[in-house]
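Below: the structure, in structure tokens.
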Amino acid sequence: MNSANYMEAAEQDLLHTYHRYPIIWESGKGVYLYDTKGGKYLDFAAGIAVCALGYGNEEYNQALKTQVDQLIHTSNLYYNKPIIKAAELVKKASGMDRVFFTNSGTEAIEGAIKAAKKYAYIRDGHTDHEIIAMKNSFHGRSLGALSVTGNRHYQEPFEPLLGGIRFAEFNNLESVISQINEKTCAILFETIQGEGGVYPAKQEFIEGIAALCNEKDILLILDEIQCGMGRSGMMFAWQNYGVKPDIMAVAKALGCGVPVGAFLMTERVAEKSLVPGDHGTTYGGNPFVGAAICKVLEIMEREHITEHVAEVSGYLWDRLEELKAKHTCITDHRGMGLIQGLQMTVPVGEVSKKALQKGLVLITAGTDVIRFVPPLVIEKEHVDEMFGILDKVLSDMEA
Ligand SMILES: *Cc1c(COP(=O)(O)O)cnc(C)c1O
């Protein structure tokens with residue numbers, strides 16, 4: 001079969017829930033992807049902020065191969081060594097106290113919601129609590145995670161969703177305050193909104209919410225699924241703000257391609273939250289994903305990944321500022337670390353398609369933003385290469 005046949009087969013057989021780019025990836029090396037026709041592409045998407053170490057990292061690959069030969073899965077009815085080590089490393093990186101491993105980001109959000117509800121139930125002796133989430137947010141596609149995703153278009157066909165969810169304006173403290181009442185048990189948001197268009201939380205917003213939560217015993221749940229794991233220039237984005245969540249969700253780069261997520265909490269929450277029988281998963285935290293997490297965290301620490309991100313992201317920032325000064329179609333530049341966005345007046349879907357034709361992988365966010373979430377191991381020369389291609393794409397489109 002040639003590429004066209006494969007794509008035709010996919011369109012016949014797979015449920016049509018994605019408009020895919022006409023490309024079939026074959027392999028990856030470093031920060032480059034190769035398609036089945038031999039084309040080489042610079043990757044500024046990292047499989048949607050997943051492949052933080054890039055592709056073909058030999059040490060990571062070897063750790064997975066070794067674990068495959070040793071033991072892949074046993075269930076959570078027993079202990080396994082890799083996940084015990086992974087828990088220790090994630091706790092150390094985050095300063096959180098307890099972790100539950102899931103298979104995805106969505107499930108991490110589900111668990112976080114359940115933990116918060118259980119905490120409030122034990123404290124108050126009754127249910128019917130409310131959660132405040134943000135407009136323009138993204139937390140996943142399952143019914144629980146969709147219920148806290150502030151996007152009417154995603155929600156509408158699936159109503160009724162989870163009750164007791166109120167939406168406030170992100171980065172507007174007054175808007176959140178106006179939604180708080182005696183039923184509020186948690187406030188949930190992405191430290192840096194990703195899918196919604198790359199909006200970092202403002203310092204006064206996150207600080208104000210943390211103070212409110214502390215004062216009223218409301219749990220602060222931060223979604224670090226996209227912005228966590230070093231991408232912001234700190235291991236977790238909230239560490240840039242001097243606050244700490246009560247519950248946090250991670251996934252994406254946690255396994256660097258192995259499907260795994262986690263929700264973590266402080267001991268104060270864990271003491272009065274989920275107990276045996278309240279929550280579970282068959283796969284979650286199996287030895288295979290455990291080995292991946294251990295290796296990812298080991299490499300990130302040894303290679304000082306956060307320092308690298310801080311440095312190379314400053315360079316990306318400067319070059320994108322340069323691009324913004326040059327092209328009038330760019331109306332805003334936002335972000336932090338290696339999650340940055342350019343808002344544009346030209347159709348961003350076209351921009352990413354044309355970039356792909358020139359060997360650059362870019363993804364969009366929101367309706368009018370090009371999102372830059374490259375592997376964390378990119379170097380300045382890759383930023384320059386990206387700049388060259390995107391500059392040309394925008395010049396062509398403006399012409
Ligand atoms: C990707 C993402 C999710 C959902 O994670 P999945 O692994 O796709 O289930 C949730 N929240 C944020 C912020 C994300 O970026």
Side-chain angles (χ1 to χ4, degrees), residues 15 17-18 44-52 90 94 100-116 131 133-151 154-155 158 161-162 165 167 170-171 186-201 206 220-232 235-238 245 247-264 281 283-285 289 292-293 296 334-341 363-366 369 371-376:
L15 194 64
T17 53
Y18 281 95
F44 263 68
I48 318 184
V50 168
C51 307
V90 186
S94 63
F100 183 103
F101 289 102
T102 66
N103 310 294
S104 67
T106 299
E107 287 166 88
I109 293 294
E110 293 291 325
I113 293 172
K114 282 179 73 176
I131 294 171
M134 302 300 143
K135 293 177 185 166
N136 199 46
S137 61
F138 183 83
H139 299 291
R141 304 294 198 147
S142 66
L143 291 169
L146 187 59
S147 302
V148 290
T149 288
N151 183 324
Y154 288 171
Q155 290 184 327
F158 308 105
L161 294 168
L162 197 59
I165 310 295
F167 286 96
F170 186 60
N171 274 335
I187 299 174
L188 160 69
F189 57 94
E190 296 150 85
T191 319
I192 303 170
Q193 284 191 337
E195 304 294 321
V198 189
Y199 291 92
I206 199 165
L220 173 58
I221 308 175
L222 291 180
D223 182 339
E224 289 267 336
I225 291 167
Q226 186 160 161
C227 61
M229 297 300 293
R231 186 161 292 281
S232 71
M235 207 53 202
F236 298 100
W238 51 264
I247 302 175
M248 141 170 115
V250 288
K252 290 201 163 90
L254 178 63
C256 281
V258 165
V260 62
F263 62 99
L264 294 95
T281 165
Y283 290 135
V289 302
I293 298 168
V296 166
R334 299 184 288 267
M336 185 189 283
L338 285 178
I339 172 165
Q340 296 188 28
I363 52 174
T364 63
V369 174
R371 173 173 30 162
F372 302 84
V373 284
L376 303 185

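One is the number of the first residue; the rest follow in order along the sequence. Counting convention: from 1, in listed order, for ligands and their atoms alike.
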(message) Using 30° and 60° as the class boundaries, would you call the ring planes of Phe100 and Phe263 parallel, tilted or perpendicular?
(response) parallel
(message) Checking a contact table here: which protein heavy atom is nearest atom 11 (N) of ligand 1, and how many Å away?
(response) Asp223 OD2, 2.7 Å
(message) Tell me the protein heavy atom at minimum distance from atom 8 (O) of ligand 1, and give that distance in Å.
(response) Thr106 OG1, 4.3 Å
(request) Taking atom CG of Leu162 as the centre, report whether more than 12 heavy atoms of other residues, nucleotides or ligands fall under 6.0 Å from it. (result) yes
(message) Check contact between Ile109 and ligand 1, using heavy atoms of the residue and a distance below 4.0 angstrom.
(response) no
(message) Side chains of Glu107 and Thr281: any donor to acceptor distance under 3.5 Å?
(response) no
(message) If I compare all heavy atoms of Gly196 with all of Tyr199, which pair ends up nearest, and what's the gap?
(response) O-CE1, 3.6 Å
(message) Closer than 4.0 Å to some heavy atom of Ser104 - which atoms of ligand 1 meet that?
(response) 7 (O), 9 (O)
(request) Show which atoms of ligand 1 fall inside a sub-4.0 Å distance from at least one heavy-atom site of Glu190. (result) 13 (C)
(request) Might you point out which heavy atoms bring Gln226 and Arg231 nearest each other, and give the distance in Å? (result) O-CD, 3.6 Å
(request) Please round to the nearest 0.5 Å and tell me the distance separating atom CD1 of Ile221 and atom CZ of Phe189. (result) 10.5 Å
(request) Distance to 0.1 Å, residue and atom name: give those for the protein heavy atom nearest to atom 1 (C) of ligand 1. (result) Lys252 NZ, 1.5 Å
(message) How far is atom 6 (P) of ligand 1 from the closest protein heavy atom, and which atom is that?
(response) Gly105 N, 3.5 Å
(message) When you compare ligand 1 with Phe138, is there at least one nitrogen or oxygen pair between them that comes in under 3.5 angstrom?
(response) yes
